[in-house]
Every structure is written in structure tokens, then in C-alpha cells.
Trainee: 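Before we start, here is the structure in question, set down as C-alpha cells.
Nothing here was measured: the structure is a model prediction, and the numbers come from that model.
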Number of protein chains: 4
Amino acid sequence: MGSTFGHLFRITTFGESHGGGVGVVIDGCPPRVEISEADIQTELDRRRPGQSHIVTPRKEEDRCEILSGVMDGKTLGTPIALLVRNKDARSQDYDEMAVKYRPSHADATYDAKYGIRNWRGGGRSSARETIGRVAAGAIAKKILHQVAGVEIIGYVKRIKDLEGAVDPNTVTMEQVESNIVRCPDHECAERMIELIEQTGRSGDSIGGVVECVARAVPKGLGEPVFDKLEADLAKAVMSLPASKGFEIGSGFAGTLLTGLQHNDEFYIDDQGEIRTVTNRSGGIQGGISNGENIILRVAFKPTATIRKEQRTVTTDGEETVLAAKGRHDPCVLPRAVPMVEAMVALVLCDHLLRHHGQCELL
Amino acid sequence: MGSTFGHLFRITTFGESHGGGVGVVIDGCPPRVEISEADIQTELDRRRPGQSHIVTPRKEEDRCEILSGVMDGKTLGTPIALLVRNKDARSQDYDEMAVKYRPSHADATYDAKYGIRNWRGGGRSSARETIGRVAAGAIAKKILHQVAGVEIIGYVKRIKDLEGAVDPNTVTMEQVESNIVRCPDHECAERMIELIEQTGRSGDSIGGVVECVARAVPKGLGEPVFDKLEADLAKAVMSLPASKGFEIGSGFAGTLLTGLQHNDEFYIDDQGEIRTVTNRSGGIQGGISNGENIILRVAFKPTATIRKEQRTVTTDGEETVLAAKGRHDPCVLPRAVPMVEAMVALVLCDHLLRHHGQCELL
Amino acid sequence: MGSTFGHLFRITTFGESHGGGVGVVIDGCPPRVEISEADIQTELDRRRPGQSHIVTPRKEEDRCEILSGVMDGKTLGTPIALLVRNKDARSQDYDEMAVKYRPSHADATYDAKYGIRNWRGGGRSSARETIGRVAAGAIAKKILHQVAGVEIIGYVKRIKDLEGAVDPNTVTMEQVESNIVRCPDHECAERMIELIEQTGRSGDSIGGVVECVARAVPKGLGEPVFDKLEADLAKAVMSLPASKGFEIGSGFAGTLLTGLQHNDEFYIDDQGEIRTVTNRSGGIQGGISNGENIILRVAFKPTATIRKEQRTVTTDGEETVLAAKGRHDPCVLPRAVPMVEAMVALVLCDHLLRHHGQCELL
Amino acid sequence: MGSTFGHLFRITTFGESHGGGVGVVIDGCPPRVEISEADIQTELDRRRPGQSHIVTPRKEEDRCEILSGVMDGKTLGTPIALLVRNKDARSQDYDEMAVKYRPSHADATYDAKYGIRNWRGGGRSSARETIGRVAAGAIAKKILHQVAGVEIIGYVKRIKDLEGAVDPNTVTMEQVESNIVRCPDHECAERMIELIEQTGRSGDSIGGVVECVARAVPKGLGEPVFDKLEADLAKAVMSLPASKGFEIGSGFAGTLLTGLQHNDEFYIDDQGEIRTVTNRSGGIQGGISNGENIILRVAFKPTATIRKEQRTVTTDGEETVLAAKGRHDPCVLPRAVPMVEAMVALVLCDHLLRHHGQCELL
């Protein structure tokens, strides 16, 4: 009972990796927003398997159908339901999964919680579930851009120990999309691609860090004391598969500075706006956006599914070994970029509506 | 509109640092739990100012009154309201704060959001708000312990670059409480205390990392896909004042390993239980607790309020300088420990009830 | 943003009468409940148009597809998505509706609220939306029956001024389904059918009252003070199209009695259970079920769509007249019966889970 | 776990009739609204016992203290906590209640649900809980009036079988408050007062109907399909103690008309606004306000506490008799009027914010 996210702009995802399909219902979308299946498909294509040779070669077209809530290209204000059908999958690849728990996967915990589990391809815990998030995020991005010119750009900051040099204040979507690993530092990107290829060939996997910036976010978003903007962002990205850590602004590194070094001093800019000289706060102070760029990072662990043999147990409680078959991502990071962007967009859009409802009424 | 946290075990905090008082309403607490003002006071005393010479010397007794929901020492199942009165404060210390925004505080963003602000001592963004959380956490801890023997122990893992050696699997509350900085590595604790003293004398401040372990957590807690256990834990602690980062299990360091190195292999233990050899997952797989110890870390930035002079602006948009007066914490970490524990307890207790409601009905 | 209902057993409906389809996502359904498309179809068939000659003759098959959340005939504990495709409709019947507001319909208010409206056949405000509710209600009924043997039986109590004599304590589903108007008083049912036929022929419409009984409801369901059982029941049925009034137990008639006449005296029955001699409370006291039969009534207004000519206005603000074309129900009551049952089942099932989560943990 | 009401303007009440006190936390109140304790006290005085000789003579001053969320007479946008202390009560009057269940009260169901109960004076199920609602309603009324000039006026429409003639479109608050029974039909009011006096002397009690009108409500409020405006209004008033029925607009009587008789035809008024000739819809169509007056009615049963002897049972399961002692209302209707107004105000204010958040952003 945790498949709904958001308060006013509220999404509910559904679907397992095998079965009729996966999708999302978006309730609370403002009316009269121009939206098309093509807008959504663009984001889904950034997420989908098979988009390049460094991600899983599974052929999933992920064609999105709008079931409701849109008429003649405009949102109606009513729930928008989006459906992506599942394809007939090579489920014989998954027969072993019915009886052997994959290490560091959700197989064993789903069984422990529900006493039953769709073992075909990961079921509900499959990354395929994020299709609904990315589709909804596409709509959230559109609203944010239309209302306030907000730009949300994610990129791969680090793969294992290869870290790119990227300026979040100037990076462009074109730079991100210019290579298949989605790291705008092209020289580093090449080494990342090489490392992923090599890791994939060896049957192992690697992880890394996605950084995401949201620019032109209006001041005032965030609802203390629990729904602080960074708290909702943290929840949003920590609900993505494989995420292990979250940072806003200076993050863990900020703890090595003193207060004098860390504080963001204020000044008045040319337009008479209150600004900060530095941005260690990451665009959020006291849980509320301050108009500076929102900058966050998410750690993704190495993909759990590997072809190398590991110790595990069966559903009957016998010890055994397992080496995954099938076609898996040696590194999820390139495909995680649009997922992180989508979650950031969903949080910001929800908070935009909440702030408007409470604080811009009078 | 974000002062409520939790779904079934649901708390709502209220109060500014100056005004009638601060407190919390807990709705959904199971009935017939034995609880007393003393139980709650113990936790509040670990949080309160003036508890040692390395925290702010402000005299705040923080006496807790139970207004409702408890009769003859037992919970009624009805809302439990707890109130801690504010004392008359040296608010002349705060006069400057009415007109000058403190760098890296919430003054400017509250004004931007609400167009009004209680400038006396930080108002709603004051750490004093966490009194309600810690009080509610005390009750959550009691329920978790009574139902499943859960133990939640937080401690200071690092102050600036001084990192303690602590084994989360064996650390005890007595070890944590045996020194004023709440780091169970006593040799390191002495150096931490010295560093905090020295920093305080210089008018500056420092931050660090709190680690927290929850032991004996039942398998099956967590509600994918958005209310995954680590997602709700991340939100919970990232809503605490001064937090900048969150890690579960291997966290950011885990991204430097390969999948083969990182995966937690399964085995069957003496009792026939499915266990993992390692615990890089931090006790949670696929968003659901797996029965291993839950281990998380939270980064806290150096206290924003410092006595050293900094550049800032006035509410009228003039550039100026500010050097804080009053009595402030040179390091929030020792007092953050019970706050982190409380948030972890609130999340686990809420998920215990949710899991029981959905999955243990049939 | 109001398409979600329930707290633990939580449904979200989507869809307009014209467009891809209508459906529902059920989040929080307990795992391992046996459920099939046939179980759901049975209830949908009681709701669907064309089921008899006294309801609208529109041909809608309303075939339900389970998209997710069920495997091998059992619920997985994950969201259950159900979809019913829309058929190509005679939308030329609706051309006039694009420009003329139908009196006592939602056309004008949807335009006022959203500034846009799916004018094809009522869009979101169409009774077709209730398909998702009835489908979800079928699952709720199954859980309630399996856990506690709960029986929920609705029936037509009154059509215009024709009131049936029905004993809620003994009425059976077979009696309800034995005639097309769903009034278990057969003699009265015949006169009701005749009145509906005659009204339909004249191009006018009529309303009435549905009564519903829930038997064997466990004691203790209901969450004071706002989510009292009767409050949630009232909201549930007042959210159905065309409902104008709600009563629990003695209802409005109870206001004509004195306290001595109205109070339900207690006694101890043969099994040693506390029971009430009378049941003017309708099975709920202080917002909590008391183990007696829950009895409620819902008033449904005469169908707004009639073939007789009425004054109205155009979307351009011109006065005009309108006489509905197309195939409409002269009386919604027979089809409203499964809708009321579904809403009652959804409320009871949600409260069963909530009560279990909070009060049956310790 | 049902003590919170509302979505954006959200209240949480707490408190039993005996214990520290009762109160409310209001989260989501717009900032910069002028509010004082006097504003709130005015409404509390209309609700309080002892206000006239036809209500309970219990002396309860019900002095309200604002604990947070207001500074210098203006709301801060942060949670507003309001507290009314309980007085030392004649709890010896209640000793019998510890062991004997009062018929048609919540004593037995609270015990069944929670396994524990504050038996002193009704505990949580006491009408004293409504203090928090009325206090919060006073703030909601202020916002509604300030934003849109909304007027909410409740009055006693019927006591037992004595029904007043009142025009909801023109009735004034002065007329309502001009007599102690709060029926603006003065001739009828005198007979009502006489009947209440006579009933009180006999040790019995009576009920009746409160009608409430909300005028100048903006078009567009209400969130289909579940949070329709009439559905939320129904839930709101059906959560009040002693309510047994709800009607919007034509209500149950509307079921006796045909569609042609019942439909509200449209016309264009002098200002070019779309209006309805009649208002059987009660100001709401399709769950959304249409700008006409919102008119609803609530049935309140005769007070359950009477001095006449009744059969009942003890907590030990023995049959016995009970005749209430203490000072009780022979008729709750006069005091229910401000409660109904408050609940209507809370619903409208919440929907005003929700509509503003979603539909007035673009």
C-alpha cells in the first residue's frame, strides 16, 4: 500500500514486469496543459532497454497509450491514465528465479512480506515499474517549464571511480544526450563506456552517482517541517530501484567544513534580488527553495543481477548457487538519469501546486 | 502544510521557539501501551540544550505534559497530545534577526514563502520543533520494543574528520550515553570533545555524521514502490534541521564495488532462517526489511549560527554584516542523536502498523 | 484531485465515458486472496446498461481485464489495475451537448472548474466511472466475506412514492436479484416496473431510495472522530452520481422520537454477547460498529437526462432549449443497487484493515 | 486514527472530556490572515454549555489559548495549535458510567474497539471534542469571508415535529441569534423552547434538524469523483455526535418529483452569469459548486443521555438498569448549529485551497 506519491499532483503506479502491463494514474494535473503521447514517449525512450549497446539488449518498445484525462491534446483536470503493455517475455529465463532467491534482490523480502510473489522477471520490484514514473514526470516537467521556465537536467556524475567534471549551472540537455552514458564530460564518458563494456563482458556489474540540477525553481517551494523540499526529494529518489544514498548541496563533503566555510553569504544582485554568493545549501534553506539552483546526487549500487555464480538459497530453505541468465544491464546509471529527473519533476510540481494552494490564495 | 508525518501512526507537530509552546499530537497509537511522562522525559533530556558543556548553555527544562490520550498510565487509542511550554527567552538577542537574514538559515526563505515570519529565535524552523518528534519517538520505541524487541541505537560516527570505530551490530545504549558527545569509541570521543570545545571558543562551528542501527526489526516492513522503507527513512531524517545527506547500508561507498563484491549472498542459519552473509543492503532489500540490522547514516552540516562576522542582507534589501549573539551549539551532533533515533522509530512503528493492517489480516 | 478513496484499502478510478477506457487501481489489497475476472464480471453485469428493458438499452459489454496485481488467481499484495475499454459510441448524439449545458448535469460546473470538458457523453461525470468502483467493490466483498463472513445486500426500497416492505435482517441476494427492479417486495416491484416503463415512455424520469444492509460486521470498525464509520459511509455513497441524501439507522425519522423511545437498550444474548434490543443506531454507535446489522439508505434524484424539452443556456451564454436524444435510464435505482453495495464494501474493507493495523497489533 | 480532517486546510483534534484539555492543530492555514482569540471565542461561546436555560447548565467557560501559528494577530502559515483546558469536573457523577454502558452511547463500542476507555464523562466521544472543530471553523469562516465574501448561516429548522418557516436565501445571523433555540421563525421558536423545557423537566430528550446555507460560494469548488463537495460535506456533518442523516438541496423529498419537475433550468442573469431558475441541486452539480446557495440539512437524534431509567448491561456482562445523573442537554440542536457551520466552513475552506492549487495555477 505504497504505490501513490504526491499530495496535490499525485501519481499511482501499477504493474509487474510480466502480466498485462505497467502504467500510472496521475490525479490532480492542472487542466488545459498541452500534452501528447509523443511528449511522453521521448522520455520513455531515454529510459528504455535496448537504447544502446551498454544497456540491457532486451527489446522493449514501451509504447505508451493515454487512456484518459486528455482530449484533443489538452489535459482535462481529470485523472490521466497511461498504459504500456508488456510483451511476451522469455520467461523460461526466469524459471530458476521461481525457486532461487537472487542475492540483493527483492525476491526473498517480497515472499517474507506478502507470502506470494510474481517471480517472473522481478514482478513489481522490476525497474519496469519506473515507466509510470518517467511518463508522469514528462507531464510534470512540462507544467514546471510552462509555469516558471524550470529546467531539470540529470547526468551521470560518476561510474565506479570515474568522476566527470560537470558544471551544474551551465550543463545542457544536449550535452547530456550527446553520448550513450549520459555524462557531459566527454573525455570521461569515453572511459566510462569502456569500463561498462568491459564489466559487462566479465559478467559483473558496476554502480555510480547521478547528479541532477533544477534551475529557475521559484522561491518558496517546500512545506516544513516534514515535507521539506529536500526531504521529499530524498524520499522520491530513494524509492528508485538500486539507490543507496542521497545528498543535497554540499552533502557528506559539507561535514568537513566549518560553519564559516560552509555558510552561503547573502548579497543583492543586479535585479535587486536576494541571492547567495555560494550554493552549498543546494538551493534549499530550511526546507524551502531559495531561488538558487537545486543540486542533488543519488548513489546507485552495482546492478544486483550478474552472470557470475553466487551463493544463495531456495524458497524451500536449501543452500545452493545461482548465476543469472538473460539480458541485464551491467550498469543502470545511463537509464537512471531520466528516472531521477522524473522524480525531481514530480516533487517540484507537487510542491508548486501545494504552495500555490496555501500561500498564494490571499 | 507539511507538519504531519506517518500514515497509521501519525504525528503532527506544532509550535515556534517563541510563543505558547511546542508539542505534538500522535494519532493512531495502539491502545493499552504503558506510557508515562517519565518515559518521554528521558528522551527529551537527551535532546535538550544545556545537558553538557559542549552544547548550547541555554536553560530549557523542556518539561513535557500529556494533555490527552493516556489514562492511568495506558494509551487509550485516541490522539495523544503532548505540550512543552516555552520559557521567557532573551528575545532581545533576536532583535537583530528581525531585520537581518542569517546566512544558511531559514529566515529569508520563510519570508519568501509566507510573506511573514516569527523572527524570534528561528520560529518554526528552530530545532526546538524537534521536541515533538523526540517525544513521539519515545512512544514509538516503546511499541517497537514491546511488539518485537526492536532496539534503536544512534551515535556520533564522525565529527568533521574525526571518525569513530563502532560496530553497529554490538554497540549498546550505555556505551553511547557514557560520554557527552555520544560517540561509543571513547578514545575518539575525547578528541571530538576537544575539537568541539576549541571550535566553540573560536566562534565557529562544525558538523559530522550520525549513524543509527535498528536491531531485531521484523522481516516484511516497507511498502513498495514509493513508501519503501529506505525512502521513508530518508525522508524522515532529511526533514531534520541541518541534515544534508543520507545513506542506507553501503551508501555512496558501495558505488565503488562491483556487483559480485557488493551483493549479499544468502545462507541458512542455525534456526533455519534465511540470512545474508554480509549486510551491504543495510537490512532492506527491494524496500522491505529482511531481518538483518538496519543501518543508516545522516550528514549534518556545521551549525549555521556562528559568532564570526558574515556578509548578509536586511529584509529591506540592503547589504550588511552579521555576527550572531546568544548561546548556540558549536556542533549539533550530540543532540541530533536522539532526533535521528526518534525519526527511525517513527518510521518503523508506522510501517509495523501498516504491514500488520494489510498483510497480516488473512 | 479527488479520484482516490480509502486509507489502507485504497482505490483510484480513472476514465471518461468516451476515450480509451475506464478503470481502477486498488492499492493495499491483502495478498493471497482468490480473485478472478469472473468474480468481478458478475458485479459489473449487475451494474451495466442493457441488462433489462427498464434501464438504458445502450449496448455496453463492460468486459473487465485485470492488468496487474493478480497471478494464478491470487492477489499479490501489489496494486490491482482493472481496465474496461470504451466502445465506439454514437457520439453524434452528443454533438448538441458540446454547446448546450444539460440542466442538473455537471456540464456547466466542469467548465467553470476546469475551463475545459470532455463533452462526449458526460466525460468524467458519467455514471460509467462507477465501473471501477463496482469492480473494486467485488474484491472488497470477497475479503470481508472471507475474513468475517460479512454479507452486504442492497435493494430498491422506494421508487418515487412506491415503497416496498423489506426486512433488512432476513433479505437475501436471491430475493433482490429475482426481479429486474431489485426490490425484494415482489408485489411492489411489479408496480415499480410499471411506473418506470410508463415514465420512460413519456420521456420523463423518476428517482427513489436504495437501502443497504451489512450483516456480520465485526465490532470495532470505525475511526473517531472524523473517520467515524457512518461518516465514511455517508461520503462514500454521497459521491455516487445522483445521490441527494443519506441516512444511517433511524435517520430523519428518528428525530420524531424522544430519547427514551429512540435509545437502543442493551441485553446479553444466549452466547453472552452484548446486544441491543432495537437497532435505531443502525449498527454504529459513536462512529464504531457494534456488531448489529449496519443499515443505511441513499436518496437518488430522478435522472437528469430526459427527452422532454427544457430551458437551458449555451456555452456562449445564450438562452436556448434542449431535449435529450440518445438512450437513457428513466430510473437509475436498479443499477444503483450494486454501486451502493460496492461503496459500502469499500468502506468496511478499508476500516477492517485500519482497525487491524492499529488495534489488533498488541 | 481518524482525528485529522481536510487535505490542504487540515485539522487534527485531540482531547477527552476529562484530562488536560481539548484542542486542535490547524495545518495549512494561509499566512497573513488576521485572527484573534476573541474571533475564536465568539464561536466557542455559541457552542458552550450553560449559554441558556434550555441547554445543559454545566459551567464550562471554554477559554481558548492560541499556542502557536499566530504572531501579532496574524497567521504565520505554520500550524495553529489551540488549547482549551478542562475544568475539574464532578466526576463522581460518572462513577456509574465506569461499569454501566449508557444505551446509544459510545461506551460499549469504545471498549470493543480499544479494549480500554476513558469512562469519565464520555472521554473522546464527548461533544466536548467539537470545541476544536468550532475553533478551527472560526478561522475557516474568516478566510472564506475575506477571499470571497462567503457567508455561512446555520439554524434550527425543526425540533421533533415543530418545523420553522425559514428562507435560506435571506436569513441573517442576527435572526438566528435573536433567540436561544436558534430558529429564525420566532413564533415557532417559542413553541420549540417550550417543548424543550417540558421535555427536560420530564427527564427525556428530543432531536431535530439543523439547516445550513452557504452563500456567495465561488463556482468550481469540489473534487470529483470521490471528494465531491456534497460527499465531503456529508462526511463532515455525519462525523458530528448524534447526527443520523444528511441531505443536500432537495434531499429525500426530491425523490418524489419527476426529472422534469426536479431539474434546475438554466438562464442568464443581468450580469451575464449562468444561473439556475430553481435550486433543487442545493448549489452543487456533479460534485462542484455552481455559484447558487449551498443548502444542506442534518438530522440529530434525541440526546442519548436521559434521566429516565433504561435497561442496560455492565462491563462484566450483567444486565442492569441505568438512569443518568448529572446535567445534560434535553436537546442538542441549539448548540449543534455552530458545529454544523464550522464543519461546512472547514470543507469549503479546504476545497477553496485545493481548487486554487490545481485549477488556478495556469
Side-chain angles (χ1 to χ4, degrees), chain B residues 1-4 6-33 65-72 74-86 110-111 113-120 123-125 129 132 353 357, chain D residues 1-4 6-33 65-72 74-86 110-111 113-120 123-125 129 132 353 357:
Chain B
M1 207 286 305
S3 290
T4 295
H7 198 76
L8 276 191
F9 189 89
R10 190 157 57 173
I11 73 167
T12 302
T13 71
F14 61 86
E16 283 82 40
S17 60
H18 294 71
V22 297
V24 65
V25 181
I26 305 158
D27 197 18
C29 183
R32 304 181 312 278
V33 179
E65 179 189 8
I66 298 176
L67 291 172
S68 68
V70 177
M71 188 179 68
D72 303 337
K74 284 191 179 153
T75 60
L76 290 166
T78 60
I80 302 170
L82 304 172
L83 175 65
V84 172
R85 289 281 177 185
N86 290 332
Y110 268 66
D111 261 359
K113 182 176 188 65
Y114 299 113
I116 188 172
R117 167 177 60 100
N118 185 342
W119 45 265
R120 298 179 183 96
R124 181 71 179 147
S125 74
E129 178 272 332
L353 270 65
Chain D
M1 205 285 305
S3 291
T4 296
H7 198 77
L8 278 191
F9 189 90
R10 191 157 56 172
I11 73 167
T12 301
T13 71
F14 61 86
E16 283 81 40
S17 60
H18 294 72
V22 297
V24 66
V25 180
I26 304 159
D27 198 16
C29 183
R32 304 181 313 279
V33 179
E65 180 189 7
I66 299 177
L67 291 172
S68 68
V70 177
M71 188 179 69
D72 304 337
K74 284 191 178 154
T75 60
L76 290 166
T78 60
I80 302 170
L82 304 172
L83 175 64
V84 171
R85 289 280 176 186
N86 289 332
Y110 268 67
D111 261 359
K113 180 174 189 67
Y114 299 112
I116 187 173
R117 169 177 58 99
N118 185 343
W119 44 265
R120 297 178 184 98
R124 182 69 179 149
S125 73
E129 178 272 332
L353 271 65

Trainee: Return the minimal non-hydrogen interatomic distance between D:R124 and D:Y110, and the atom names on each side.
Mentor: CG-OH, 3.7 Å

Trainee: Under 4.5 Å from any heavy atom of chain B, what part of D:R117 do you find: side chain, backbone, both or neither?
Mentor: backbone

Trainee: Might you point out which heavy atoms bring B:M1 and D:H7 nearest each other, and give the distance in Å?
Mentor: SD-O, 3.6 Å

Trainee: Testing the basics here: between D:F14 and D:L82, what is the closest heavy-atom pair and its distance to 0.1 Å?
Mentor: CZ-O, 4.1 Å

Trainee: Which pair of non-hydrogen atoms, one from B:E16 and one from D:G69, has the smallest distance, and what is that distance?
Mentor: OE1-N, 2.9 Å

Trainee: Sort out for me which of D:T13, D:V70, D:I66, D:L83 touches chain B most, counting heavy-atom pairs under 4.5 Å.
Mentor: D:L83

Trainee: With a 4.5 Å cut-off on heavy-atom pairs, point out which of B:I80, B:T12, B:D72, B:T78 contacts chain D the most.
Mentor: B:T78

Trainee: Would you name the heavy atoms of D:P79 and D:D27 that are closest together and state the gap between them?
Mentor: CG-OD1, 3.6 Å

Trainee: For chain D, which candidate among B:G19, B:G77, B:C29 shows the most heavy-atom pairs at distances under 4.5 Å?
Mentor: B:G77

Trainee: Chain D heavy atoms under 4.5 Å from B:T4: which part of the residue, side chain, backbone, both or neither?
Mentor: both

Trainee: When only pairs under 4.5 Å are counted, which of B:L8, B:L76, B:I26 shares the most heavy-atom pairs with chain D?
Mentor: B:L76

